[in-house]
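None of the values given here were measured: they were computed from a predicted structure.
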Amino acid sequence: QVQVVESGGGLVQAGDSLRLSCVISGRTFSNYNTAWFRQTAGNEREFVAAIKWNGAATVYAQSVEGRFRISKEGAKNTVFLQMNSLKREDTAVYYCATESTRYRNNPPRAARDYDYWGQGTQVTVSS
């Protein structure tokens, strides 16, 4: 059974950095696209970043482009989200999600395309 577990959230000040981790277990780690989404109360989940199964491509939401970086480390079965220059508007619950289809060429941006989700980790940015 595939399990997705996020960690690394917390309370930080505007301008600070934070790194989120997503450990995926229960299958071959390297074969699937993975993404980060975020959600605030009363809103739909918003795409943040995604990484291709082989690590060869990444995509970002415009709101985080240049500040966030997604990466993966196969030896640890982990996908990271490095968040720099955090803003108050980055405050949200951050979710890691991964596909059930192997080797898809382009990591999708739509939440409906991801099949396995973690429980989320809260990131709060104060001014």
Side-chain angles (χ1 to χ4, degrees):
Q1 184 176 354
V2 178
Q3 290 190 317
V4 180
V5 180
E6 307 100 331
S7 63
L11 172 63
V12 297
Q13 292 190 332
D16 286 351
S17 298
L18 205 58
R19 189 177 78 160
L20 305 183
S21 299
C22 170
V23 177
I24 302 170
S25 60
R27 66 180 187 186
T28 302
F29 173 76
S30 303
N31 297 347
Y32 305 88
N33 298 327
T34 302
W36 286 94
F37 289 80
R38 65 188 182 186
Q39 188 172 26
T40 53
N43 294 307
E44 294 185 353
R45 290 187 184 182
E46 173 192 20
F47 172 79
V48 175
I51 187 165
K52 189 173 178 177
W53 59 271
N54 60 3
T58 56
V59 291
Y60 296 93
Q62 189 174 4
S63 60
V64 306
E65 184 85 52
R67 299 188 298 121
F68 290 11
R69 188 173 73 90
I70 188 171
S71 61
K72 61 188 301 184
E73 186 171 341
K76 296 183 178 181
N77 286 5
T78 302
V79 174
F80 299 100
L81 184 68
Q82 177 66 43
M83 304 186 295
N84 300 324
S85 302
L86 282 162
K87 305 175 181 180
R88 285 192 64 183
E89 51 264 44
D90 294 319
T91 295
V93 177
Y94 283 71
Y95 296 92
C96 179
T98 189
E99 292 189 281
S100 61
T101 301
R102 291 183 299 176
Y103 309 131
R104 186 157 12 189
N105 191 35
N106 297 313
R109 293 172 178 257
R112 64 177 180 272
D113 290 324
Y114 291 88
D115 305 287
Y116 301 104
W117 292 79
Q119 80 289 350
T121 185
Q122 176 71 47
V123 173
T124 303
V125 184
S126 64
S127 59

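- Distance check: S30 OG to K72 NZ gives 5.5 Å after rounding to the nearest 0.5 Å.
- How far CD of Q1 is from OG of S25: 9.0 Å, rounded to the nearest 0.5 Å.
- Within the 3.5 Å criterion, the main-chain N or O of V125 finds a donor-acceptor partner in the side chain of T91.
- To the nearest 0.5 Å, the span separating SG on C96 from CG on L81 amounts to 9.5 Å.
- Between the side chain of R67 and the main chain of S85, a donor-acceptor pair closer than 3.5 Å is present.
- F37 has its ring centre less than 6.0 Å from the ring centre of Y114.
- V4 places none of its side-chain heavy atoms less than 4.5 Å from the side chain of Y95.
- In the hydrophobic clustering of ILVMFWY residues, with side-chain heavy atoms under 4.5 Å counting as a link, V48 and V23 come out apart.
- Considering only heavy atoms from C-beta on, V123 comes within 4.5 Å of M83 through its side chain.
- With hydrogens and angles disregarded, no donor-acceptor distance shorter than 3.5 Å links the side chain of Q119 to the backbone of V5.
- The two residues N84 and S17 have their closest heavy-atom pair at OD1-OG, 2.9 Å.
- There is no path of hydrophobic side-chain contacts, each under 4.5 Å, that joins W117 to V79.
- Residues S63 and E89 have side chains not in contact (no heavy-atom distance under 4.5 Å, counting atoms from C-beta outward).
- Nearest heavy atom pair, residue T121 against residue G8, reads OG1-N, 4.1 Å.
- Contact between S127 and A14 at its shortest, heavy atoms only, is CA-CB, 4.3 Å.
- Looking only at distances, no side-chain donor or acceptor of D113 sits under 3.5 Å from a matching main-chain atom of P108.
- No chain of hydrophobic side-chain contacts below 4.5 Å, direct or via other Ile, Leu, Val, Met, Phe, Trp or Tyr residues, connects F47 to I70.
- For the pair L86 and F68, the minimum side-chain heavy-atom distance is below 4.5 Å.
- Residues T40 and E46 fail the side-chain proximity criterion, which asks for heavy atoms closer than 4.5 Å.
- Residues R27 and Y116 approach most closely at NH1-CE1, 3.6 Å, considering heavy atoms.
- Criterion: ILVMFWY side-chain heavy atoms under 4.5 Å apart, direct or through other members. Under it, Y32 and I51 are not part of a common hydrophobic cluster.
- Applying the salt bridge (Lys or Arg N to Asp or Glu O under 4.0 Å) rule to pairs touching residues 8-23 yields nothing, sequence neighbours excluded.
- At most 12 non-hydrogen atoms from other residues, nucleotides or ligands lie less than 6.0 angstrom from CZ of R69.
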### Query
Would R45 and Q39 satisfy side chain to side chain donor-acceptor pair (under 3.5 Å), going step by step from the backbone distance to the final call?
CA-CA 5 Å; R45 290 187 184 182; Q39 188 172 26; 3.1 Å; yes
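- The line from OG1 of T101 to OH of Y103 is 12.5 Å long, rounded to the nearest 0.5 Å.
- Without hydrogens or angle criteria, E6 side chain to G120 main chain gives a donor-acceptor distance under 3.5 Å.
- At least one donor-acceptor pair closer than 3.5 Å links the side chain of N33 to the backbone N or O of W53.
- Under the 4.5 Å side-chain heavy-atom criterion for Ile, Leu, Val, Met, Phe, Trp and Tyr, Y60 and L20 are members of the same hydrophobic cluster.
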